[in-house]
Amino acid sequence: GEGLFSLISLTDRTPGEIVLIRVWEFGGNGFGDFMVSAYDFSPPPNDLIENALDVDEIGLPYTDSDINFPDATSDTITNSGECDGTAANGIWYKFTAFADGMVTVSLDTDTPDLNFIVFYTADDENATLDSLTTVDGTQCFNQSLENSIEAIANQTYYVLVLNANV
């Protein structure tokens, strides 16, 4: 917290668990107000590669609104040469291209400097982190609000969107 205000963060709590919080008066007047807030933060549904959102089944163009990056699991970029080992809170998307053509992923955020959009190829839509290959020409240190690739028909792609601001 700031000044005389306290802030605590408790993780790994069990629903229904009792947590005791001690509140005391500071300043000698004997009266005051306090607030206790509890939040259930859940990671986004496409937080892990196993749960990558299949956008070609949903319909294109696709828009994902209100992404809660702070609750996303930290993912590490793999199989990408210069970017291996880069970790940040990320979410996953996947699609199999139905035709050759340009695919663009863009972000609308107030923090454009620490975002990464990484394209990978995979053998199918059941990929694991170890089976991904970074798309040639993808700049994983793009740090911009947009990244594009030339997709090839019938090729499966995974897209990792990272936000290092959280």
Side-chain angles (χ1 to χ4, degrees), residues 9-17 19 37-166:
S9 176
L10 301 174
T11 58
D12 299 323
R13 300 292 94 192
T14 304
E17 179 180 359
V19 177
S37 298
Y39 301 94
D40 175 22
F41 293 109
S42 299
N46 53 334
D47 182 52
L48 302 171
I49 190 170
E50 296 84 17
N51 301 324
L53 195 58
D54 195 345
V55 294
D56 61 332
E57 289 187 11
I58 296 170
L60 299 171
Y62 175 76
T63 300
D64 200 351
S65 300
D66 300 323
I67 300 167
N68 194 1
F69 279 107
D71 295 332
T73 302
S74 182
D75 284 299
T76 301
I77 298 173
T78 59
N79 300 329
S80 62
E82 67 188 52
C83 293
D84 277 359
T86 300
N89 296 45
I91 53 174
W92 289 92
Y93 300 90
K94 64 183 176 181
F95 65 95
T96 300
F98 56 87
D100 291 352
M102 182 69 68
V103 174
T104 300
V105 174
S106 57
L107 295 171
D108 181 11
T109 178
D110 295 334
T111 54
D113 56 335
L114 292 172
N115 297 293
F116 303 92
I117 302 168
V118 185
F119 285 91
Y120 296 97
T121 57
D123 292 336
D124 56 39
E125 291 189 355
N126 296 308
T128 63
L129 285 174
D130 295 333
S131 67
L132 299 175
T133 303
T134 306
V135 173
D136 288 339
T138 295
Q139 297 177 5
C140 56
F141 279 117
N142 191 349
Q143 293 191 16
S144 73
L145 297 178
E146 187 171 284
N147 203 350
S148 299
I149 62 165
E150 282 288 336
I152 299 169
N154 300 313
Q155 174 64 59
T156 298
Y157 295 92
Y158 278 75
V159 182
L160 174 58
V161 180
L162 298 167
N163 182 312
N165 291 297
V166 294

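Please read these numbers as outputs of a predicted model, since none were measured by experiment.
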d(Ile58 CD1, Leu53 CG) to nearest 0.5 Å is 3.5 Å
Do the side-chain N and O atoms of Thr96 and Glu125 include a donor-acceptor pair separated by under 3.5 angstrom? yes
Heavy-atom closest pair (Val103 atom, Phe95 atom, distance to 0.1 Å) is CG1-CZ, 3.8 Å
Can you see which heavy atom on Met102 is nearest to which on Ser148, and at what distance? SD-CB, 3.5 Å
Name the residue from Thr128, Leu160, Leu129 that meets the side chain to side chain contact (heavy atoms under 4.5 Å, CB included) definition with Ile49. Leu129
For the residue pair Ile91 and Ala72, what are the closest heavy atoms and their distance? CG2-CB, 4.4 Å
Can you name the nearest heavy-atom pair linking Ser106 to Glu146, along with the distance? CB-OE1, 3.9 Å
In terms of heavy-atom contacts, does CG of Asn51 have more than 12 from other residues, nucleotides or ligands at under 6.0 Å? yes
Mark yes or no for whether Gln155, through its side chain, and Ala122, through its backbone, hold a donor-acceptor pair below 3.5 Å. yes
Please find the pair of heavy atoms, one from Asn147 and one from Ile117, that lie closest to each other, and give the distance. ND2-O, 2.7 Å
What is the distance from atom CH2 of Trp92 to atom CG of Leu162, rounded to the nearest 0.5 Å? 8.0 Å
Restricting to non-hydrogen atoms, name the atom on Tyr158 and the atom on Asp124 that form the minimum distance, rounded to 0.1 Å. CE1-O, 3.7 Å
Taking CZ in Phe98 as the centre, count heavy atoms belonging to other residues, nucleotides or ligands within less than 6.0 Å. Is the count above 12? no
Sole residue of Thr156, Val135, Thr134 in side chain to side chain contact (heavy atoms under 4.5 Å, CB included) with Thr121: Val135
Is a side-chain N or O of Tyr157 found less than 3.5 angstrom from the main chain of Ile152, in a donor-acceptor match? yes
Taking ring pair (Phe, Tyr, Trp, His ring centres under 6.0 Å) as the test, write out the residues that go with Tyr93, two or more places apart. none
For side-chain contact (heavy atoms from CB on, under 4.5 Å), just list the numbers for Val55 and Val159, CA-CA rounded to whole Å, side-chain angles, deciding distance to a tenth of an Å, and then say yes or no. CA-CA 11 Å; Val55 294; Val159 182; over 6 Å; no
